[in-house]
Peer 1: 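Provided herewith is a single structure, encoded as structure tokens, for subsequent inquiry.
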Number of protein chains: 2
Amino acid sequence: MTKARQAVQEILDAAGTPLCALDVEERAGSLCDPATIYRSLHYLEERGLAESFVLHCEAHGTERYYVSGKAQHRHWFHCERCHRFVDLGACRVEPILRDMEDDTGVTIRSHTLYASGFCSACRGL
Amino acid sequence: MTKARQAVQEILDAAGTPLCALDVEERAGSLCDPATIYRSLHYLEERGLAESFVLHCEAHGTERYYVSGKAQHRHWFHCERCHRFVDLGACRVEPILRDMEDDTGVTIRSHTLYASGFCSACRGL
DNA sequence: GTTCCTTTTGCGAATGATTCGCAAAATCAA
DNA sequence: TTGATTTTGCGAATCATTCGCAAAAGGAAC
């Protein structure tokens, strides 16, 4: 494990929230080139040390977010106003996906689920 | 409703599968400029006549897919091999999302769920 | 159907996230 | 330490998507 990969992994592990490449870059400071951040994220994802999902929000456009693969697989809520993520807890859709596999004959290897709306702090504003 | 918007809407309504902007363009022929396809898709989505989700696949990168908003809200499976979509049926996660709202205090206005893997035809290949 | 005003379109340039090419630097194995 | 392999930095390239702006189209009241 190289210095850059190690650092990116530690950043994701410690984050507690999904991070986009730019977020990781900021936290890494001038440790390495931005391109290396992207390459490190791919490297970690290939090995199951990270997972990602692509979120589209009106304000920030389309960005890929990464979370540590060390924590239990979980889902996230994205606030359309403050753009913070809220942890929705461990994945609860596996049984539904099993049913869908049975119904359709597909073999599901991964899934993406996230929700958007307003967090409790932004709700009344 | 202008000619371009009308055409894009009809294309989505008739597709039976999610389409990316390029797919819509191909089906529209030389009816209008590509930029107008994008603008029409936005227009339709704003008015609830279409919905979209962003899918990242190794082979085609990150693309935004659109489906008609006229059909019941449903979820899709994306085959990692043939890149076709399989309809997973009407949305079954609403109750889970309600629970998540109760647990966390967020207000969910929309959600994205899709699965990836191998379709039945590609499974053994 | 003309006039004036608003909206939409075409076209080309710009954007922004991400990826690539390639030579230099770092790692690894023997 | 040496030679082979992998990774990095840096700048250029890519790809989907968006913008700016002037021309074209649509709409509403005469």
Side-chain angles (χ1 to χ4, degrees), chain A residues 1-12 15 17-47 49-67 78 80 83 85 112 114 116, chain B residues 1-12 15 17-47 49-67 76 78 83 85 112 114 116:
Chain A
M1 191 72 106
T2 67
K3 188 181 49 158
R5 291 171 179 172
Q6 182 73 45
V8 171
Q9 160 131 243
E10 284 168 9
I11 288 167
L12 292 183
T17 186
L19 300 178
C20 68
L22 196 68
D23 295 331
V24 175
E25 255 176 80
E26 283 171 4
R27 292 173 198 221
S30 52
L31 179 90
C32 67
D33 192 78
T36 299
I37 300 279
Y38 283 100
R39 288 191 276 230
S40 298
L41 288 168
H42 289 166
Y43 174 92
L44 295 174
E45 186 165 32
E46 276 168 12
R47 284 163 185 70
L49 301 169
E51 20 180 316
S52 74
F53 60 94
V54 179
L55 180 100
H56 179 87
C57 98
E58 211 55 48
H60 298 110
T62 301
E63 277 171 320
R64 195 164 172 186
Y65 286 86
Y66 292 83
V67 294
H78 174 254
E80 291 166 9
H83 304 293
F85 286 97
T112 295
Y114 61 80
S116 307
Chain B
M1 191 72 107
T2 67
K3 190 180 50 159
R5 292 172 179 173
Q6 183 73 46
V8 171
Q9 160 131 242
E10 282 167 11
I11 287 167
L12 292 182
T17 186
L19 300 177
C20 67
L22 196 67
D23 295 331
V24 175
E25 254 176 81
E26 283 170 3
R27 291 171 198 223
S30 51
L31 179 89
C32 67
D33 191 79
T36 298
I37 299 281
Y38 284 100
R39 288 191 275 229
S40 298
L41 289 168
H42 289 167
Y43 174 91
L44 295 173
E45 187 166 30
E46 276 168 12
R47 284 164 185 69
L49 300 169
E51 19 179 319
S52 74
F53 59 94
V54 179
L55 180 99
H56 179 87
C57 100
E58 211 54 49
H60 297 111
T62 301
E63 277 170 321
R64 194 164 172 186
Y65 286 87
Y66 291 82
V67 294
W76 299 89
H78 174 254
H83 303 294
F85 285 97
T112 296
Y114 62 80
S116 307

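Numbered from 1 within each chain, the chains take letters A, B, ... in sequence-line order. Just so it is clear, the values below take in all heavy atoms, side chains as well, and ignore hydrogens, waters and symmetry mates.
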Peer 1: Go through it in stages, so that I can follow the logic: the residues are L12(A) and L41(A), the test is side-chain contact (heavy atoms from CB on, under 4.5 Å), and I'd like the CA-CA distance, side-chain angles, deciding distance and then a yes or no.
Peer 2: CA-CA 10 Å; L12(A) 292 183; L41(A) 288 168; 4.0 Å; yes

Peer 1: Could you note down all residue pairs passing salt bridge (Lys or Arg N to Asp or Glu O under 4.0 Å) where residues 55-66 of chain A supplies at least one of them, sequence neighbours left out?
Peer 2: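 Output for this query lists E45(A)-R64(A).
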
Peer 1: Of Q9(A), K3(A), E10(A), which is the lone residue that meets side-chain hydrogen bond (donor to acceptor under 3.5 Å, both in side chains) with Q6(A)?
Peer 2: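 Only match with Q6(A) under side-chain hydrogen bond (donor to acceptor under 3.5 Å, both in side chains): E10(A).
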
Peer 1: Would V8(A) and R27(A) count as a side-chain contact (heavy atoms from CB on, under 4.5 Å) if you check the C-alpha gap in whole Å, the side-chain angles of each, and the deciding distance to 0.1 Å?
Peer 2: CA-CA 9 Å; V8(A) 171; R27(A) 292 173 198 221; over 6 Å; no

Peer 1: Mind running side-chain contact (heavy atoms from CB on, under 4.5 Å) on E51(A) and Y65(A) for me, showing each step along the way?
Peer 2: CA-CA 8 Å; E51(A) 20 180 316; Y65(A) 286 86; over 6 Å; no

Peer 1: Starting from P on dG16(C), measure out to CD1 on I37(A) and report it in whole angstrom.
Peer 2: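 It is 20 Å, rounded to the nearest whole Å.
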
Peer 1: Indicate whether the side chain of S116(B) and that of H78(B) have a donor and an acceptor atom separated by less than 3.5 Å.
Peer 2: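 Per modelled atom types, S116(B) and H78(B) side chains form no pair under 3.5 Å.
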
Peer 1: Estimate the overall bend of the helix from dG1(C)-dC30(D) to dA30(C)-dT1(D) from the end axes over five pairs each, rounded to 10 degrees.
Peer 2: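 Both end axes considered, the difference amounts to 50°.
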
Peer 1: In whole Å, what is the span from the CD atom of E58(B) to the P atom of dT18(C)?
Peer 2: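 Rounding to the nearest Å, CD of E58(B) and P of dT18(C) are 14 Å apart.
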
Peer 1: First locate atom NE2 of H42(B), then atom CD1 of I37(B), and finally report the distance between them rounded to the nearest 0.5 Å.
Peer 2: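 Result: 12.0 Å between the selected atoms.
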
Peer 1: Within 45 degrees of the axis of the six-membered ring of Y43(B) and under 6.0 Å from its centre: does R47(B) put its NZ or CZ there?
Peer 2: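 Yes.
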
Peer 1: Could you run down nucleotides 2-21 of chain D 5' to 3' and tag each one B, S or - for protein heavy-atom contact under 4.0 Å?
Peer 2: -----SBBB-----SBBBB-

